[in-house]
Amino acid sequence: MAKLNFGGVEEEVVTREEFPLEKAREVLADDTIAVIGYGVQGPGQSLNMRDNGFNVIVGQRKGGKSWDKAIADGWVPGETLFEIEEALEKGTIICYLLSDAAQIELWPTVKKALTPGKSLYFSHGFGITYKDKTGIVPPADVDVFLVAPKGSGTSLRRMFVEGKGLNSSFAVFQDATGNARTRCIAMGIGVGSGYLFETDFYREVTSDLTGERGTLMGAIQGIFAAQYEVLRANGHSPSEAFNETVEELTQSLMPLVAENGMDWMYANCSTTAQRGALDWWKPFRDATKPVFEKLYNSVKSGEQAEISITRNSKADYREKLEVELAELRDSEMWRAGSTVRGLRPERG
């Protein structure tokens, strides 16, 4: 493994240079990789593996939107696209990429298909970590591992098509064959990871749930809304408030931060912006850190898992979800965002 230095802290990671695609294909040459579910992660991972030369099939319920999407993406019914039960039977590596709630529902069917020597692959540690709540307990004679890309399946696919890689974590929960770790890394290379860093199922799920509720989605929406509302309350127009809150950040600054780091951004902005950012980042840290500590403890205790399982398993979940999403979609800030996005000029 390659050693990286993170500000004085060394960490071992797996790079594509030391574990090339050719080696990954060799490790999994005799496997049929069955991707179960074609929703968030399924399309990106399966298409990347297919394009990378792996033997991949997709398992999905026939007749739904995801089945039709799989056909549109080039999966052929009866050849590379099957009903879930048939895909489970054919697969030697079962990629369990359904939502957490759907994994719980389908688990009895999946468990029956896990004959000795097969591998069970996840991209999230939820089902295994919270097994007392999910009931997901794999047989002892199968390998169990995960590769968790640090982004959506859409981003994973987009970066792959651009010739780039999205970094992923990997972990082995159960090594029945003695080869689980190597096979896990091969899968990580196959789905298009930039580099792979090692974790375990518990750390993956606690960091992931914290990130989703924190800076990746929950916190960023809360900060957007707070600043937008303050600007509007002080007489700024929707266009001005949205552009200063969201558009400049997402379209101008964050791509530069991604390329060069926040320290570079601070060093290369106006002196007025620089002074303000240096003066205010610590007050924001101090104000939000107690919220993040409360959030992490809620994840660590299993409370957030319990909430997700309970709410997402209810029969009226979709209807209530739509109401909550509509609150965001219909807010003035994101209606302004829709208008602003529509005014972005086409690249010539």
Side-chain angles (χ1 to χ4, degrees), residues 14 19-38 41-42 45-46 48-50 52-60 75 78-98 100 102-131 134-149 168-193 196 198-202 204-205:
V14 179
F19 203 113
L21 180 59
E22 292 76 14
K23 180 177 179 180
R25 282 197 288 250
E26 182 180 332
V27 169
L28 303 178
D30 297 327
D31 283 294
T32 297
I33 302 167
V35 174
I36 307 302
Y38 208 73
Q41 283 288 338
Q45 293 200 32
S46 61
N48 289 0
M49 285 190 289
R50 184 182 72 183
N52 270 334
F54 294 85
N55 181 23
V56 186
I57 61 175
V58 171
Q60 181 61 43
W75 303 100
E79 295 181 14
T80 55
L81 176 61
F82 302 92
E83 287 273 8
I84 288 176
E85 289 79 3
E86 188 171 358
L88 287 170
E89 182 181 347
K90 291 177 177 293
T92 57
I93 299 177
I94 307 300
C95 297
Y96 207 19
L97 300 182
L98 295 169
D100 294 324
Q103 285 186 14
I104 296 170
E105 183 180 354
L106 192 66
W107 176 244
T109 301
V110 173
K111 189 174 182 178
K112 289 178 185 177
L114 292 174
T115 52
K118 284 194 176 187
S119 297
L120 180 61
Y121 166 103
F122 293 88
S123 283
H124 192 22
F126 191 98
I128 293 291
T129 299
Y130 302 115
K131 60 182 180 296
T134 65
I136 296 177
V137 180
D141 51 10
V142 300
D143 290 343
V144 182
F145 46 77
L146 70 76
V147 173
S168 303
S169 61
F170 76 98
V172 175
F173 177 77
Q174 191 167 280
D175 185 3
T177 66
N179 297 311
R181 192 170 186 277
T182 300
R183 291 159 66 76
C184 179
I185 293 172
M187 286 291 294
I189 298 299
V191 302
S193 302
L196 293 152
E198 194 161 9
T199 186
D200 58 43
F201 275 58
Y202 171 78
E204 191 286 326
V205 74

Euclidean distance, Leu120 CG relative to Ile136 CD1, rounded to 0.5 Å: 8.5 Å
For the atom pair CD (Gln60) and CG (Leu97), what is the distance rounded to the nearest 0.5 Å? 11.0 Å
Might you point out which heavy atoms bring Gly91 and Ala34 nearest each other, and give the distance in Å? CA-CB, 3.8 Å
Can you name the closest pair of heavy atoms from Ala186 and Ala24 and give their distance? O-CB, 3.7 Å
So do the side chains of Phe170 and Ile185 get within less than 4.5 Å of each other, counting heavy atoms only? yes
Check whether any side-chain N or O of Asp143 sits under 3.5 Å from a backbone N or O of Thr177 as a donor-acceptor pair, and report yes or no. yes
Sorted by chain and number, sequence neighbours left out, side chain to side chain donor-acceptor pair (under 3.5 Å) with Tyr38 holds for Asp73, Trp75
Can you tell me how far the OG1 atom of Thr92 sits from the CG atom of Leu28, to the nearest 0.5 Å? 8.0 Å
Any donor-acceptor pair under 3.5 Å from Asp31 side chain to Ile33 backbone: no
Can you list the residues that meet the ring pair (Phe, Tyr, Trp, His ring centres under 6.0 Å) rule with Phe126, with sequence neighbours excluded? His124, Tyr130
Judged by atom type as modelled, is there a donor-acceptor pair below 3.5 Å linking the side chain of Glu198 to the main-chain atoms of Val172? no
Can you check side-chain contact (heavy atoms from CB on, under 4.5 Å) on Phe122 and Gln103, steps first, answer last? CA-CA 10 Å; Phe122 293 88; Gln103 285 186 14; 3.5 Å; yes
In the structure I gave you, are the side-chain heavy atoms of Cys184 and Val147 within less than 4.5 Å of one another anywhere? yes
Could you report the tightest heavy-atom contact between Asn52 and Gly190, atom names first, then the distance? ND2-O, 2.9 Å
When rounded to the nearest 0.5 Å, the distance separating OG1 of Thr80 from CG of Asn55 is 10.0 Å
Given side chains that start at C-beta, do those of Phe173 and Leu146 come closer than 4.5 Å, heavy atoms only? no
For Val144 and Phe201, what are the C-alpha separation, side-chain angles and deciding distance, and is it a side-chain contact (heavy atoms from CB on, under 4.5 Å)? CA-CA 10 Å; Val144 182; Phe201 275 58; 4.1 Å; yes
Between Ser123 and Ala148, what is the shortest heavy-atom contact and its length? O-CB, 3.5 Å
Do Tyr96 and Ile128 touch side chain to side chain, with heavy atoms closer than 4.5 Å? no
Side chain proximity check, Leu21 to Phe54, heavy atoms < 4.5 angstrom: yes
To the nearest 0.5 angstrom, please state how far the OG atom of Ser168 sits from the CE atom of Met187. 11.0 Å
Counting only N and O atoms by type, is there a donor-acceptor contact under 3.5 Å from the side chain of Lys118 to the main-chain atoms of Ile94? no
Kindly check if the number of other-residue, nucleotide or ligand heavy atoms within 6.0 Å of CD (Glu83) is above 12? yes
State whether the side chain of Gln45 and the backbone N or O of Val191 hold a donor-acceptor pair below 3.5 Å, judged by distance alone. no
Go through Ser169 and Thr199 one step at a time and tell me if the side chain to side chain donor-acceptor pair (under 3.5 Å) criterion holds. CA-CA 6 Å; Ser169 61; Thr199 186; 5.7 Å; no
Heavy-atom side-chain proximity of Leu98 to Glu105 below 4.5 angstrom: no
Main chain of Phe145, side chain of Arg181: is a donor-acceptor contact present, judged purely on distance under 3.5 Å? no
Inter-residue atom distance Phe82.CZ - Glu89.CD, 0.5 Å rounding: 10.5 Å
Minimal heavy-atom distance between Ala176 and Ala140, with the atoms involved, is CB-O, 3.6 Å
Taking the side chain as every heavy atom from C-beta outward, state whether Asp100 and Thr134 have any atom pair closer than 4.5 Å. no
Can you name the nearest heavy-atom pair linking Asp175 to Asn179, along with the distance? OD1-N, 3.3 Å
